[in-house]
Amino acid sequence: MNIEIEIGPAGQLTLEAPQQDWYGRDPELIQYARFAGQEMMAIQKSDDEPDVFELHFLGLVGSGFQSMSEAKESAPAFAREVFAYLSQMIND
């Protein structure tokens with residue numbers, strides 16, 4: 001089966017918005033960017049662990065990054081891993 005895919009009206013705002021442009025009011029602690037139209041968050045893990053950062057995307061978390069820069073640099077690979085993980089949850 002060959003399924004034709006196009007951006008629908010509901011997806012235009014998220015998929016045509018700038019992708020992978022990081023922003024945030026407190027960029028040392030938390031930043032956001034869109035990957036494949038969905039928001040990803042890079043955030044300091046906690047006040048108790050100020051040198052550990054996490055990525056949050058589609059309900060999944062990647063942790064252990066040593067800086068905000070490392071988390072952001074790892075974000076594209078993390079997004080691909082999240083999509084691969086989620087695709088395994090779909091039964092044929």
Side-chain angles (χ1 to χ4, degrees):
M1 173 186 280
N2 189 8
I3 299 172
E4 186 175 324
I5 298 175
E6 59 185 58
I7 298 173
Q12 286 182 341
L13 290 177
T14 59
L15 292 171
E16 293 180 359
Q19 304 293 303
Q20 300 183 45
D21 285 343
W22 292 95
Y23 64 93
R25 289 188 179 181
D26 197 349
E28 304 289 320
L29 302 177
I30 187 170
Q31 293 189 42
Y32 303 91
R34 289 194 176 276
F35 285 77
Q38 303 301 307
E39 191 169 79
M40 183 183 294
M41 176 176 57
I43 187 169
Q44 179 186 43
K45 184 172 182 179
S46 70
D47 290 338
D48 294 333
E49 297 179 81
D51 295 329
V52 178
F53 291 81
E54 298 178 333
L55 291 169
H56 294 241
F57 188 56
L58 297 176
L60 300 172
V61 179
S63 188
F65 304 104
Q66 300 302 305
S67 68
M68 178 64 77
S69 294
E70 182 182 351
K72 289 169 39 178
E73 289 169 9
S74 301
F78 178 63
R80 286 189 290 275
E81 289 293 323
V82 165
F83 287 127
Y85 178 87
L86 293 175
S87 71
Q88 293 174 4
M89 299 173 73
I90 302 170
N91 296 324
D92 287 327

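In this text the structure is predicted, and so the values were computed from the model without any measurement. Positions are given from 1 along the sequence.
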Worksheet item: Going by the ring pair (Phe, Tyr, Trp, His ring centres under 6.0 Å) test, which pairs reach into residues 7-40, not counting sequence neighbours?
Response: Trp22-Phe35, Tyr23-Tyr32

Practice prompt. Tell me who clusters with Leu29, hydrophobic residues only, linked when side chains sit under 4.5 Å apart either directly or through other members.
Written response: none

Item to complete: Can you measure from CZ (Arg34) to CE (Met40) and round to the nearest 0.5 angstrom?
Response: 12.0 Å

Would you give me the side-chain donor-acceptor pairs under 3.5 Å for residues 48-62, sequence neighbours excluded?
unit_1: Glu54; atom_1: OE1; unit_2: His56; atom_2: NE2; d: 2.9

Fill in: Student check: side-chain heavy atoms of Gln31 and Lys72 closer than 4.5 Å
yes

Which pairs would a plain distance check flag for residues 74-91, meaning a side-chain donor or acceptor within less than 3.5 Å of a matching protein atom at least two apart in sequence or in another chain?
unit_1: Ser74; atom_1: OG; unit_2: Glu70; atom_2: O; d: 2.9
unit_1: Ser87; atom_1: OG; unit_2: Phe83; atom_2: O; d: 3.4
unit_1: Ser87; atom_1: OG; unit_2: Ala84; atom_2: O; d: 2.8

Practice prompt. Taking atom CG of Asp47 as the centre, report whether more than 12 heavy atoms of other residues, nucleotides or ligands fall under 6.0 Å from it.
Written response: no

Donor-acceptor pairs under 3.5 Å, side chain of residues 2-19 to any protein atom, not counting sequence neighbours: which ones?
unit_1: Thr14; atom_1: OG1; unit_2: Gly11; atom_2: O; d: 3.3
unit_1: Gln19; atom_1: OE1; unit_2: Ala36; atom_2: N; d: 3.1
unit_1: Gln19; atom_1: OE1; unit_2: Gly37; atom_2: N; d: 2.8
unit_1: Gln19; atom_1: NE2; unit_2: Thr14; atom_2: O; d: 3.0
unit_1: Gln19; atom_1: NE2; unit_2: Ala17; atom_2: O; d: 2.8

